[in-house]
Amino acid sequence: MEVIYPRCAGLDVHKETVVACVRIAGDGPPLQEVRTFHATTSGLLALTDWLDSFGVEHVGMEATGVYWKPVWHVLEGHFELVLANAAHVKNVPGRKTDVNDAMWLADLLAHGLIRASFVPPVAVQELRSLTRTRKQFVRERASHVQRIEKVLEDANLKLSVVISDILGKGGRAVLQALIEGQSDAERLASCITTRVKASRSELIEALRGRASAHHRFMLKLHLGHIDALDKAIADIEKEVGLGLEPFRAAAKLLSTMPGLSSVNANVVVSEIGIDMSRFATPGHLLSWACMCPRNDESAGKRRSTRLRRGGKWLKTTLVQAAWSAIKVKGSYLQAQFHRLRARRGAKKAIIAVAASMLTAAWHMLRDGTEWHDLGAAHFDRANVTKTANRLIRRLQQIGYTVQATPA
């Protein structure tokens with residue numbers, strides 16, 4: 001097999017150590033040297049000097065948790081780095097050691113058999129870290145809201161029945177009164193000064209419960225966590241605003257797409273960056289985001305069309321945006337959803353809409369253009385003859401004789 005990189009190295013990265021194998025191809029058998037380094041900064045600097053002493057030009061490593069990141073940051077700028085998906089470079093079972101793994105990576109890299117993973121620039125990585133942390137905090141906040149509702153149900157206080165948002169102005173006032181020891185239903189109902197659909201008598205009846213000291217402690221505990229999370233989310237929003245400055249124009253372009261709010265646009269930019277030359281075609285981007293059917297074919301038959309697991313941050317954001325986009329009347333995305341839902345079901349249809357949105361994002365970021373909606377009649381215009389035949393056939397089925405003449 002042809003050697004692509006004659007001087008390369010493979011790294012088996014762990015939390016405490018890095019096993020490195022240098023592979024140098026010559027006229028005879030390749031020379032392989034293996035050494036283990038500590039994963040500390042001084043150890044990684046020693047690894048850099050050791051690789052330099054052999055004239056190594058390309059270095060490959062597995063994407064092992066977050067342990068590869070400090071190694072990448074230290075070696076970046078000294079060598080051409082290749083990050084491999086661990087599932088793509090698995091060694092033979094039963095012969096797996098740290099040394100064998102490093103040698104296996106070096107062999108694969110030398111022959112060009114490692115498909116490099118996408119590693120965005122540092123600025124995009126930092127923005128991605130902020131948006132992902134924000135999403136985790138929002139999920140944690142929602143969990144605390146559910147726990148508050150659970151405590152209220154345990155005390156037989158039906159606050160969520162008469163108020164849609166128990167952490168709104170009225171709901172907060174009631175919760176604060178409960179924490180301070182108030183238990184009279186009429187006084188609790190008087191805390192709700194905002195407009196609600198429930199009548200005064202319904203409010204009083206819903207707030208007549210049995211709140212104990214334990215319930216008050218739990219409510220205070222959860223509200224404290226929610227306040228801390230709200231403050232953390234606000235701080236993250238400020239930091240995202242600063243980190244987004246170089247990418248603000250791209251995020252503004254993406255926000256012109258139906259369903260993509262400014263928050264979702266920020267997430268898309270933080271996940272894929274703004275340089276679309278990394279993805280040769282929109283199909284490559286869809287495959288990287290795990291938003292296209294997997295290849296599972298045997299004996300000429302497709303066994304499965306399920307999506308591959310992965311891309312949970314970008315995929316969930318785009319699916320959420322797709323559910324909002326299909327509500328825009330007379331839009332291409334809404335027409336696409338209804339067209340596919342009739343044949344494949346709502347779940348596959350919404351994934352197809354999300355994939356179309358990501359495809360459009362690839363073109364928008366590459367060309368610097370805003371969203372241009374094709375309209376709900378796009379599919380009818382795409383094949384006029386097929387649409388006309390379908391409508392004529394439908395009229396004939398209900399008892400009409402049809403003679404169509406082109407306008």
Side-chain angles (χ1 to χ4, degrees), residues 62-63 83-90 93 113-118 120 128 132 135 139 254 257-260 264 267-268 270-273 276 278-328 331-366 371 373-383 385-387 389-390 393:
E62 286 185 5
L83 184 67
N85 188 330
H88 298 164
V89 293
K90 283 186 177 180
L113 296 178
I114 295 181
R115 184 169 55 185
S117 297
F118 169 55
R128 176 188 290 183
R132 290 183 178 184
K135 191 168 189 175
R139 288 174 176 174
L254 291 179
M257 188 186 306
L260 271 186
N264 287 338
V267 171
V268 173
S270 68
E271 291 296 327
I272 66 176
M276 292 298 101
R278 182 61 182 81
F279 305 100
T281 64
H284 286 78
L285 177 57
L286 291 177
S287 177
W288 175 81
C290 298
M291 294 192 64
C292 60
R294 67 178 73 184
N295 285 329
D296 189 4
E297 183 178 335
S298 180
K301 295 181 180 180
R302 293 293 298 271
R303 300 192 299 181
S304 174
T305 58
R306 293 175 63 90
L307 299 181
R308 293 185 297 112
R309 292 185 179 181
K312 61 179 182 178
W313 301 101
L314 181 59
K315 187 188 299 181
T316 54
T317 299
L318 287 173
V319 170
Q320 180 185 11
W323 282 114
S324 299
I326 62 174
K327 296 178 182 178
V328 179
S331 65
Y332 165 82
L333 297 177
Q334 186 186 59
Q336 181 191 22
F337 174 76
H338 290 302
R339 180 171 177 265
L340 293 175
R341 183 179 62 173
R343 296 185 290 110
R344 305 301 302 274
K347 290 184 178 180
K348 286 187 179 294
I350 202 64
I351 288 293
V353 172
S356 296
M357 296 176 69
L358 186 57
T359 300
W362 184 89
H363 288 283
M364 294 166 68
L365 291 174
R366 186 195 65 170
W371 168 263
D373 203 302
L374 298 176
H378 169 76
F379 296 103
D380 293 336
R381 295 193 304 265
N383 196 331
T385 303
K386 184 177 179 180
T387 303
N389 291 336
R390 175 174 56 83
R393 187 166 57 251

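Sequence positions, counted from 1, serve as the residue numbers for this chain.
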Chemist: Provide the closest heavy-atom pair for G375 versus D373 in the form atom of the first, atom of the second, distance.
Modeler: N-OD1, 2.8 Å
Chemist: Does any non-hydrogen side-chain atom of E271 lie less than 4.5 Å from one of R132?
Modeler: yes
Chemist: If I take atom CG from residue L285 and atom CE from residue M291, how far apart are they, to the nearest 0.5 angstrom?
Modeler: 9.0 Å
Chemist: Within this structure, what is the NE2-NZ distance for the pair H88 and K90, rounded to the nearest 0.5 Å?
Modeler: 10.0 Å
Chemist: Given D380 and R390, is the side-chain contact (heavy atoms from CB on, under 4.5 Å) satisfied, shown in steps?
Modeler: CA-CA 11 Å; D380 293 336; R390 175 174 56 83; 3.9 Å; yes
Chemist: Between I351 and V319, does a side-chain contact (heavy atoms from CB on, under 4.5 Å) hold up when you go through it step by step?
Modeler: CA-CA 7 Å; I351 288 293; V319 170; 3.7 Å; yes
Chemist: How many angstroms lie between atom CZ of R341 and atom CD of Q336, to the nearest 0.5 angstrom?
Modeler: 13.0 Å
Chemist: Which heavy-atom pair separates E62 from A86 by the least distance, and what is that distance?
Modeler: OE1-CB, 3.9 Å
Chemist: If you look at every heavy atom in P258 and A325, which pair is closest and at what distance?
Modeler: O-CB, 3.3 Å
Chemist: Ion pair present between E297 and R303, side-chain N to carboxylate O less than 4.0 angstrom?
Modeler: no
Chemist: Check for a donor-acceptor pair, side chain of R294 on one end and backbone N or O of L307 on the other, with a separation under 3.5 Å.
Modeler: yes
Chemist: Please examine the side chains of I272 and W288, heavy atoms only from C-beta on, and report whether any two atoms are closer than 4.5 Å.
Modeler: yes
Chemist: Is there a side-chain contact between R302 and P293 in this structure, where contact means two heavy atoms from C-beta onward sitting under 4.5 Å apart?
Modeler: yes
Chemist: Hey, is the main chain of F279 close enough, under 3.5 Å, to the side chain of W362 for a donor-acceptor pair?
Modeler: yes
Chemist: Locate the shortest heavy-atom distance separating P120 from R128; write the atom from each residue and the value.
Modeler: CG-NH2, 3.5 Å
Chemist: Return the CD1 to CZ distance between I350 and F337, rounded to the nearest 0.5 Å.
Modeler: 5.0 Å
Chemist: Look up atom CG in N85 and atom CD1 in I114, then write down how far apart they are to the nearest 0.5 Å.
Modeler: 11.0 Å
Chemist: Heavy-atom count around R278 CZ within 6.0 Å, excluding the residue itself: above 12?
Modeler: yes
Chemist: Any side-chain heavy atom of H363 sitting closer than 4.5 Å to one from T359?
Modeler: yes
Chemist: Is the shortest heavy-atom distance from the side chain of L340 to the side chain of K348 under 4.5 Å?
Modeler: no
Chemist: Just wondering, more than 12 heavy atoms not from R344 lying within 6.0 Å of its CZ?
Modeler: no
Chemist: Test L254 against every option in N264, V267, V268 by the side chain to side chain contact (heavy atoms under 4.5 Å, CB included) rule and name the one that passes.
Modeler: V268
Chemist: Considering all heavy atoms of both residues, which atom of G259 and which atom of A321 are nearest to each other, and what is their separation?
Modeler: O-CB, 3.3 Å
Chemist: Could you tell me which non-hydrogen atom of W371 sits nearest to which non-hydrogen atom of A360, and how far apart they are?
Modeler: CZ3-CB, 3.6 Å
Chemist: Is the CZ atom of R309 crowded by more than 12 outside heavy atoms at less than 6.0 Å?
Modeler: no
Chemist: Any luck finding a side-chain donor-acceptor pair between H284 and S287 under 3.5 Å?
Modeler: no
Chemist: Rounded to the nearest 0.5 Å, how far does CG of L358 lie from NZ of K315?
Modeler: 11.5 Å
Chemist: Give a yes or no on whether R343 atom CZ has more than 12 heavy-atom contacts from other residues, nucleotides or ligands under 6.0 Å away.
Modeler: yes
